[in-house]
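Every chain is numbered from 1 and lettered A, B, ... according to where its sequence line falls, protein lines coming before strand lines.
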Amino acid sequence: MRLKRTHYIEKLNKEFIGKEVIVSGWVLRRRDHGGVIFLDLRDRTGLLQVVFEEGLDPKIHELADSIRIEYVISVKGLIRKRPPGMENPKIPTGEIELVASDVEILNTSKTPPFPMDEDLSEVSEVVRLKYRYLEMRALDGLKPFIFRHQVNQTIREFLNNRGFLEIETPFLTKSTPEGARDYLVPSRLYPGKFYALPQSPQLFKQILMVAGVDKYYQIVKCFRDEDLRADRQPEFTQLDMEMSFVDENDVMILVEELLAYLFEKVLNITLDTPFPRISYEDALRYYGTDRPDIRFDMKLKELSDLFKDTSFKVFRSVLDSGGVIKGLKAPANFSRKELDELTGFAQEMGAKGLAWIKYNKNAKSFEEKWSSPIVKFFEKPVLEKLEETFNPLEDIATFFFVADREEIANSVLAELRIHLAKKLNLVPEKKFSFVWIVDFPLFEWDEEENRLVSVHHPFTHPKEEDIPLLETDPLKVKSRAYDIVLNGIEIGGGSIRIHKKEVQKKIFELLKISPDEAEEKFGFLLTALEYGAPPHGGIAFGLDRLIMLMLGKKSIREVIPFPKTQRAQCLLTGAPAEVKIEQILELHLLPGWEKKKEN
RNA sequence: GGGGCUGUAGCUCAGCACGGUUAGAGCGCCUGCCUGUCACGCAGGAGGCCGCGGGUUCAAGUCCCGUCAGCCCCGCCA
């Protein structure tokens with residue numbers, strides 16, 4: 001390299017007029033006027049117009065004539081004030097330009113597959129992922145990753161100042177029962193044995209608490225071999241934290257402070273703290289889900305009581321078989337076609353149907369006030385009570401009802417609520433509504449496995465006052481877990497952990513994990529708990545999701561440099577890929593390894 | 001494992017419902033001209049396995065079946 005860079009482009013301004021500099025970067029655009037050629041040169045920091053004048057140096061001008069888009073060049077020259085009227089207010093360096101006296105073409109480039117100077121959101125993701133390095137190099141392409149860097153550094157700054165230690169934990173670790181499917185790594189030295197990539201550093205961070213670390217955090221990759229979604233990748237990043245001698249409140253307050261600091265610093269947004277806390281039970285009651293989007297209201301109402309004497313067959317049979325009727329109010333009128341679409345939507349979500357009643361507050365007659373094919377089944381007092389329940393402030397509204405098993409009514413209405421809010425534009429843009437979900441049950445019943453499973457994970461501490469219930473009615477036991485939800489997306493969850501061996505053993509027992517299996521899988525944790533484990537708890541954030549939401553992106557792939565497709569492939573490298581037979585043999589992955597072990 | 005949407009030039013897309021000349025547009029690319037442009041302009045040009053395979057038909061980008069890939073969702077994700 002003959003011409004060595006002296007300045008980043010963003011550093012250049014009017015003060016450099018008359019000074020000689022060398023800048024290096026890629027050619028974004030060229031405007032060839034024959035006797036004068038303009039190149040827009042960009043580096044990571046900015047954009048600068050470079051001028052090649054035939055009259056100044058015919059040789060350099062000729063060289064510039066061969067330069068194409070995305071060529072890598074270094075240019076030497078004087079910074080000059082642009083002629084009056086020729087300034088470009090669109091770019092920070094728009095008042096100056098670089099008059100090239102020398103240029104070095106460091107590399108040529110094929111024509112890129114997509115424009116490098118435009119918003120690439122219209123370009124298909126397949127192409128963008130295959131050429132991710134070009135997308136990143138394109139104008140503003142690094143923005144999400146620079147932002148992500150700032151988020152990471154701000155988090156570290158905050159936690160370091162609060163006395164947290166960032167400590168690394170292994171990726172090659174041990175498969176644990178419960179939870180997601182593990183990614184396995186075959187062991188070469190131990191035929192038939194496998195490491196597992198961690199689903200989270202959960203056990204290690206608890207061990208670190210026993211080790212006296214007191215306050216731990218890590219920004220760390222986690223791995224789960226499950227199907228992908230817009231907000232789920234097989235490898236993803238957690239902000240993992242754990243603290244000793246704390247309770248739920250300490251963790252939640254610290255997290256609120258951390259998020260407030262982060263949003264203030266990187267987005268210049270002041271968050272309202274503390275965040276609201278809603279019990280798991282209430283979340284389901286009012287929103288039908290444990291990850292409610294509270295940017296808008298439209299709460300669900302329990303209407304089983306109201307309709308308890310109804311003769312309407314659909315409602316009657318559901319109520320008689322122990323189901324519920326729940327509903328919500330949309331502040332709008334809908335056409336028959338729209339109502340059919342909404343019914344279809346509810347059915348896709350698992351409802352048998354969707355009942356609706358249109359409401360017109362100021363109608364002259366009772367008949368005009370309520371309109372629906374099912375309204376004839378209801379007595380006047382029932383409708384009046386319905387009106388009272390929803391208490392519509394608006395003149396026109398539509399009530400929707402789902403009658404079904406409670407779980408289905410909840411999940412369908414939860415989806416319908418989101419769907420309607422989007423349709424009716426009731427979701428405020430640029431609003432960040434955090435909410436804590438607390439008082440989760442410790443267990444739920446797994447029909448398939450016919451046993452209790454942990455709602456959070458097996459190391460979650462039961463509520464102190466519920467511990468006796470472990471023996472008598474474990475499904476009634478609440479846990480010391482908390483989730484944090486942002487705009488309807490779960491971005492984190494944690495709990496106060498069990499730090500006494502007896503309690504931990506009891507939980508394993510209830511989960512039908514035998515003492516032998518517990519010893520084999522978690523023996524190291526159980527042993528550690530016997531050596532003075534302090535009370536402790538923590539939380540883990542889905543950092544990709546948080547950053548996605550902060551940037552208003554629809555998929556975490558947008559904030560992950562090299563993400564996988566929905567079929568878990570990497571379009572850039574082509575992973576996963578076949579390997580040589582020798583590698584497979586070496587790892588004892590072919591039938592017959594048992595024999596080999598005996599030899 | 002299941003449901004939905006998509007696949008045509010380097011990129012973004014039209015054409016498909018009703019099969020019928022040589023498959024189009026914008027951007028990009030190439031060549032030439034141009035000394036003040038900044039999404040430069042002007043003139044000319046190149047560029048297509050219509051995802052892939054099979055079928056129906058005199059004839060398929062268009063209809064049918066299968067398949068592959070991408071996206072969204074259900075299941076799954078303690």
Side-chain angles (χ1 to χ4, degrees), chain A residues 28-41 47-56 61 65 68-70 80 82-91 93-94 97 99 110-131 134-135 138-139 176-182 199-200 202-203 222-234 236 344-345 347-350 411 415 419 440 442-444 446 448-449 452-460 479 481 490 493 495 507 511 513 540 542 554-555 557 564-569 571:
Chain A
L28 182 66
R29 287 183 283 252
R30 59 190 287 262
R31 293 175 293 280
D32 183 353
H33 287 247
V36 60
I37 297 170
F38 300 98
L39 297 183
D40 289 341
L41 186 74
L47 199 56
L48 178 69
Q49 172 163 285
V50 181
V51 195
F52 294 85
E53 292 175 336
E54 195 171 16
L56 194 74
H61 179 267
D65 198 49
R68 292 292 177 272
I69 280 170
E70 292 311 301
R80 175 168 78 185
R82 291 196 188 191
M86 298 302 160
E87 299 87 358
N88 183 357
K90 287 183 207 159
I91 58 172
T93 59
E97 61 191 8
V99 194
K110 290 172 76 171
T111 304
F114 41 72
M116 302 295 281
D117 58 349
E118 292 175 18
D119 175 18
L120 294 182
S121 59
E122 297 300 312
V123 176
S124 81
E125 213 179 343
V126 184
V127 182
R128 290 193 287 125
L129 289 185
K130 185 171 174 196
Y131 299 99
L134 290 181
E135 184 188 11
L139 208 57
T176 54
E178 311 278 301
R181 192 177 296 116
D182 285 317
Q199 297 173 27
S200 82
Q202 181 61 36
L203 295 173
C222 301
F223 306 86
R224 294 178 188 177
D225 188 4
E226 298 291 347
D227 287 348
L228 288 75
R229 290 282 189 282
D231 60 356
R232 273 162 39 186
Q233 284 274 308
F236 61 101
F345 177 83
Q347 285 169 336
E348 275 171 43
M349 295 301 142
S411 64
E415 295 295 337
H419 184 75
F440 282 87
L442 187 64
F443 302 113
E444 60 192 349
D446 188 310
E448 271 177 37
E449 297 192 47
L452 294 174
V453 294
S454 296
V455 168
H456 191 55
H457 59 52
F459 318 105
T460 306
S479 75
E490 187 196 324
S495 61
I507 299 295
L511 290 170
I513 297 174
K554 289 206 164 62
S555 155
R557 292 187 301 273
K564 311 264 185 300
T565 67
Q566 191 158 42
R567 292 283 303 277
Q569 288 189 358
L571 293 182

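One donor-acceptor pair, N or O on each side, does fall under 3.5 Å between the base of B:C34 and the side chain of A:D32. With hydrogens and angles left out, the side chain of A:R82 and the base of B:C38 share a donor-acceptor pair within 3.5 Å. Counting distance only, with no hydrogens placed and no angle test, the side-chain atoms of A:R229 and the base atoms of B:G75 include a donor-acceptor pair under 3.5 Å. In terms of polar N and O atoms assigned as donor or acceptor, the side chain of A:E97 comes within less than 3.5 Å of the base of B:G36 in a complementary pairing. Under 3.5 Å, the side chain of A:R232 and the base of B:C76 form at least one donor-acceptor pair of N or O atoms.
In this structure B:A25 sits in a base pair with B:U12, meeting the Watson-Crick or G-U test at under 3.5 Å. Within the shown strands, B:C68 is the pairing partner of B:G7 under the Watson-Crick or G-U definition, both distances less than 3.5 Å.
Evaluation of A:F114 against the base of B:C11 yields no stacking contact (centre distance < 5.5 Å, interplanar angle < 30° required). Where stacking is scored as ring centres under 5.5 Å apart with planes under 30°, A:H33 registers as stacked on the base of B:C40.
Under a 3.5 Å cut-off, the side chain of A:R181 and the backbone N or O of A:D225 do form a donor-acceptor pair.
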Below 3.5 Å is the cut-off: list the nitrogen or oxygen pairs between protein and nucleotides 26-30 of chain B, distance only.
| unit_1 | atom_1 | unit_2 | atom_2 | d |
| --- | --- | --- | --- | --- |
| B:C30 | OP1 | A:R68 | NE | 3.0 |

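At the heavy-atom level, A:G55 lies under 4.0 Å from base atoms of the strands shown.
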